[in-house]
Enquirer: 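The structure that follows is given in the form of structure tokens.
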Amino acid sequence: MERTSLAVIGCGFFAQNHLNSWKDLAAKGVDVVAVCDIDPTKARAAAQKFGVPHWYSDAETMFRERRLDLVDIVTQVATHQALVELAIQHRVAAIVQKPFGLDIAACRAMAEAAHKAQVFLAVHENFRFQTPMRRIIELLQRGTIGEPNWARISFRTGYDIYKGQPYLMKEVRFALMDLGVHVMDLARVFMGEVAHLSAELQRRNPKVRGEDTVTTLLKHRNGGVSIVECTYEARRMPDAFPETRIELEGPRGAILLKPGSVLEVTVDCKMTTENADAPVLHWAERPWHIIQESVHATCAHILDALRSGRPASVSADDNVKTFGLCEAAYAAASSRRAVEID
Ligand code: NAD
Ligand code: 89Y
């Protein structure tokens, strides 16, 4: 079996899902040979918990000392560009968590540097790999409702995300970068590329620094329209965190993803209901299981792409397009005008 030597950089809150996923992917030939965190306590703890032979508190040293096929960067966004550049410099294929970079210029620079050096670079954009999203993609590809021409993609919660991710309170660019990248990515996947968009941003919680509520209106190149929105300030029951609600309408019917991952598919006036919930992996727990299973699926997809010598569907180039929609949404909100997407 082909073997892939992998290192994980960043051993904080979300990296635990990556480390569990890569451990499961040992069955597919993944060897996690090193972990790295500038906080040595976290690096050592991760190495112990996941049986990783080497741990580092400095990424440069790790790149020099270990022979790596792939590095998975799971640090906060401010460090992404420097760590991606380091991987490229050492000619090691890399995955970087969302949001790809601090702004579109940084994302483009990383994508271009990877091209120039011919180094594989993917972004860990996992929402399109969630079980219900994979099912929706399958239904659309089969033409079940025809080409969708209207959609609402909505992530609305009041769940206390600040407990696990306290840094989010201080982000100047907050909800669009944290959740907007996910829902915009789903809009592209379901409805195709975007021609123009308008946006409104709100800061409804005075304790956070950036916008916590995003409402956007997208016109797609095929003529379709979508409302793409996300908030951390919805006070509604049921609060289906971390589920995304989807409504898609096409000429033959509609696909609705409802709380509890209930999928309602209407074709030619006949509606069927299916359970599209993700399995709870052996290391996962509700309500995070949907996201946790999508991390595993994203890692598996990127690994396959790397090994087969093709870009991941969530390649750096692809994510530049998703990120570009978020950047356009900031521009649209501040200018109060619709922004053309080039
Ligand atoms: P975190 O702060 O808990 O963990 C980041 C870790 O990186 C910390 O332990 C920190 O010490 C370490 N670190 C920082 N700079 C480093 C460097 N130069 N070298 C090595 N280690 C370094 O943050 P988190 O919540 O785990 O988030 C990490 C990333 O994951 C963010 O980009 C976040 O947006 C993303 N995330 C994605 C999802 C998703 O569903 N895709 C969900 C949550 C978080
Ligand atoms: O940070 C967010 C993300 O990217 O997915 C879920 C999350 O952890 C909290 O909403």
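Index from 1, following the sequence. Whatever order the structure lists ligands and atoms in, that order sets their numbers, starting from 1. The shown structure was predicted, so the numbers you read here are calculated from the model rather than taken from an experiment.
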Enquirer: Backbone or side chain, does any N or O of Lys42 fall under 3.5 Å from an N or O of ligand 1?
Expert: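 Yes; the residue has a nitrogen or oxygen that sits under 3.5 Å from a nitrogen or oxygen of the ligand.
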Enquirer: Please list the nearest protein heavy atom to atom 2 (O) of ligand 1 with its residue and the distance rounded to 0.1 Å.
Expert: Gln76 NE2, 2.7 Å
Enquirer: Of the backbone atoms (N, CA, C, O) and the side-chain heavy atoms from C-beta on, which set of Ile9 has a member under 4.0 Å from an atom of ligand 1: side chain, backbone, both, or neither?
Expert: side chain
Enquirer: Can you see which heavy atom on Cys107 is nearest to which on Val320, and at what distance?
Expert: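 Shortest heavy-atom separation between Cys107 and Val320 comes out as O-CG2, 3.9 Å.
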Enquirer: Any idea which protein heavy atom is nearest atom 9 (C) of ligand 2, and the distance to it?
Expert: Tyr232 OH, 3.3 Å
Enquirer: Which class fits the ring pair Phe13 and Trp288: parallel under 30°, tilted 30 to 60°, perpendicular over 60°?
Expert: perpendicular
Enquirer: Quick one: which of Val96, Ile38, Thr41 has a heavy atom closest to atom 14 (C) of ligand 1?
Expert: Ile38
Enquirer: Using a strict threshold of under 4.0 Å (side-chain N to carboxylate O), is an ion pair present between Arg188 and Asp318?
Expert: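 Answer for the salt bridge query: yes.
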Enquirer: Please identify which atoms of ligand 2 are closer than 4.0 Å to at least one heavy atom of Asp178.
Expert: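 Heavy-atom distances to Asp178 below 4.0 Å select 1 (O), 2 (C), 4 (O).
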Enquirer: Answer yes when Glu138 and Arg142 have at least one side-chain N-carboxylate O distance shorter than 4.0 Å, and no when they do not.
Expert: yes
Enquirer: Which class fits the ring pair Tyr159 and Phe241: parallel under 30°, tilted 30 to 60°, perpendicular over 60°?
Expert: parallel
Enquirer: By number and element, which atoms of ligand 1 are closer than 4.0 Å to a non-hydrogen atom of Gly12?
Expert: 3 (O), 4 (O), 6 (C), 9 (O), 26 (O)
Enquirer: Is the number of heavy atoms from other residues, nucleotides or ligands within 6.0 Å of CD (Glu264) greater than 12?
Expert: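 Yes, because the 6.0 Å sphere around CD of Glu264 holds more than 12 heavy atoms from other groups.
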Enquirer: What protein heavy atom sits nearest atom 3 (C) of ligand 2, and how far away is it?
Expert: His182 NE2, 3.5 Å
Enquirer: Which residue supplies the protein heavy atom nearest to atom 44 (C) of ligand 1, what is that atom called, and how far is it?
Expert: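 Heavy-atom neighbour on the protein nearest atom 44 (C) of ligand 1: Gln165 NE2, 3.4 Å.
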Enquirer: Applying a heavy-atom cut-off of 4.0 Å, say which part of Thr79 lies close to ligand 1: side chain, backbone, both or neither.
Expert: side chain
Enquirer: For atom 18 (N) of ligand 1, which candidate among Val77, Leu83, Ile73 provides the closest heavy atom?
Expert: Leu83
Enquirer: Of all the non-hydrogen atoms in the protein, which one sits nearest to atom 30 (O) of ligand 1, and at what distance?
Expert: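 Sorting protein heavy atoms by distance from atom 30 (O) of ligand 1 puts Gln97 CG, 3.5 Å first.
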Enquirer: Which ligand 1 atoms does Thr75 reach within 4.0 Å, using its non-hydrogen atoms?
Expert: 7 (O), 13 (N), 16 (C), 21 (N), 22 (C), 28 (C), 29 (C), 31 (C), 32 (O)
Enquirer: What protein heavy atom sits nearest atom 6 (C) of ligand 2, and how far off is it?
Expert: Ile291 CD1, 3.5 Å
Enquirer: Using a heavy-atom cut-off of under 4.0 Å, does the side chain or the backbone of Glu125 touch ligand 1, or both, or neither?
Expert: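 Neither part.
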Enquirer: For His182, counting its heavy atoms only, list the atoms of ligand 1 lying under 4.0 Å from any of them.
Expert: 39 (C), 40 (O), 41 (N)
Enquirer: Would you say Asp103's side chain and Ala106's backbone share a donor-acceptor pair under 3.5 angstrom?
Expert: yes
Enquirer: So which protein heavy atom does atom 32 (O) of ligand 1 come closest to, and at what separation?
Expert: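 Checked against all protein heavy atoms, atom 32 (O) of ligand 1 sits closest to Lys98 O, 2.8 Å.
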Enquirer: Centre of Phe155's six-membered ring, under 6.0 Å away, within 45 degrees of the axis: is that where NZ or CZ of Arg245 sits?
Expert: no
Enquirer: Which residue supplies the protein heavy atom nearest to atom 3 (O) of ligand 1, what is that atom called, and how far is it?
Expert: Phe13 N, 2.9 Å
Enquirer: Quick one: name the residues clustered hydrophobically with Val225, using the 4.5 Å side-chain heavy-atom rule over I, L, V, M, F, W, Y, and just say none if it's on its own.
Expert: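 When side chains under 4.5 Å apart are linked, the cluster holding Val225 also contains Trp150, Leu217, Ile227.
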Enquirer: Which atom pair, heavy atoms only, marks the closest approach of Leu248 to Ile145?
Expert: O-CD1, 4.0 Å
Enquirer: Give the residue, atom name and distance (to 0.1 Å) of the protein heavy atom nearest atom 7 (C) of ligand 2.
Expert: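 Its nearest protein heavy-atom neighbour is Gln165 OE1, 3.6 Å.
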Enquirer: So, applying side chain to side chain contact (heavy atoms under 4.5 Å, CB included) with Asn126, which one of Asn17, Thr298, Val314 is it?
Expert: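 Only one option passes, and that is Thr298.
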Enquirer: Evaluate the side chain to side chain donor-acceptor pair (under 3.5 Å) criterion for residues Thr41 and Asp39: first the C-alpha distance (whole Å), next the side-chain angles of each, then the deciding distance (0.1 Å), finally the verdict.
Expert: CA-CA 6 Å; Thr41 321; Asp39 179 344; 3.1 Å; yes
Enquirer: Among all protein heavy atoms in this structure, tell me which lies nearest to atom 9 (O) of ligand 1, with the distance rounded to 0.1 Å.
Expert: Asp37 OD2, 2.6 Å
Enquirer: Knowing that exactly one of Arg204, Glu233, Gln202 qualifies, which makes a side chain to side chain donor-acceptor pair (under 3.5 Å) with Thr213?
Expert: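 With Thr213 as partner, Arg204, Glu233, Gln202 yield a single side chain to side chain donor-acceptor pair (under 3.5 Å), made by Arg204.
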Enquirer: Quick one: does Pro99 get an N or O within less than 3.5 Å of an N or O on ligand 1?
Expert: no
Enquirer: Heavy-atom contact check, 4.0 Å cutoff: does Phe14 meet ligand 2?
Expert: no
Enquirer: Hey, which atoms in ligand 2 end up nearer than 4.0 Å to a heavy atom of Ile161?
Expert: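 Those atoms are 9 (C), 10 (O).
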Enquirer: Checking the N or O distance criterion of under 3.5 Å, is ligand 1 in contact with Cys11?
Expert: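 For ligand 1, there is no N or O atom that lies under 3.5 Å from one belonging to Cys11.
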Enquirer: Return the closest protein heavy atom for atom 5 (C) of ligand 1 as residue, atom name and distance.
Expert: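 Looking at atom 5 (C) of ligand 1, the protein heavy atom closest to it is Val74 O, 3.9 Å.
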Enquirer: Would you say ligand 1 has an N or O under 3.5 Å from any N or O of Tyr167?
Expert: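 So ligand 1 has an N or O lying under 3.5 Å from an N or O of Tyr167.
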Enquirer: Can a donor-acceptor pair be found, under 3.5 Å and without considering hydrogens, that links the side chain of His80 to the backbone of Phe100?
Expert: yes
Enquirer: Of all the atoms in ligand 2, which lie at a distance below 4.0 Å from a heavy atom belonging to Lys98?
Expert: 1 (O), 3 (C), 4 (O)
Enquirer: Return the orientation label for the His182 and Phe127 ring planes: parallel under 30°, perpendicular over 60°, tilted otherwise.
Expert: parallel
Enquirer: Check ligand 1 against Asn126 and write out every atom of the ligand that is under 4.0 Å from a heavy-atom position of the residue.
Expert: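 Per the distance check, 39 (C), 40 (O), 41 (N).
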Enquirer: So, Arg286 and Asp277, do they make that salt bridge, N to O below 4.0 Å?
Expert: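 So Arg286 pairs with Asp277 through a salt bridge.
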Enquirer: Any atoms of ligand 2 less than 4.0 Å from a non-hydrogen atom of Trp288? List them with their elements.
Expert: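 It comes down to these atoms of ligand 2: 8 (O).
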Enquirer: Salt bridge check, Arg135 against Glu274: does any charged N sit closer than 4.0 Å to a carboxylate O?
Expert: yes
Enquirer: Quick check, are the ring centers of His301 and Phe129 under 6.0 angstrom apart?
Expert: yes
Enquirer: Just which atoms of ligand 1 are under 4.0 Å from any heavy atom in His80?
Expert: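 The list of qualifying atoms is 32 (O).
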Enquirer: Give me the nearest non-hydrogen protein atom to atom 26 (O) of ligand 1 as residue plus atom name, then the distance to 0.1 Å.
Expert: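 For this ligand atom, the closest protein heavy atom is Phe14 N, 2.8 Å.
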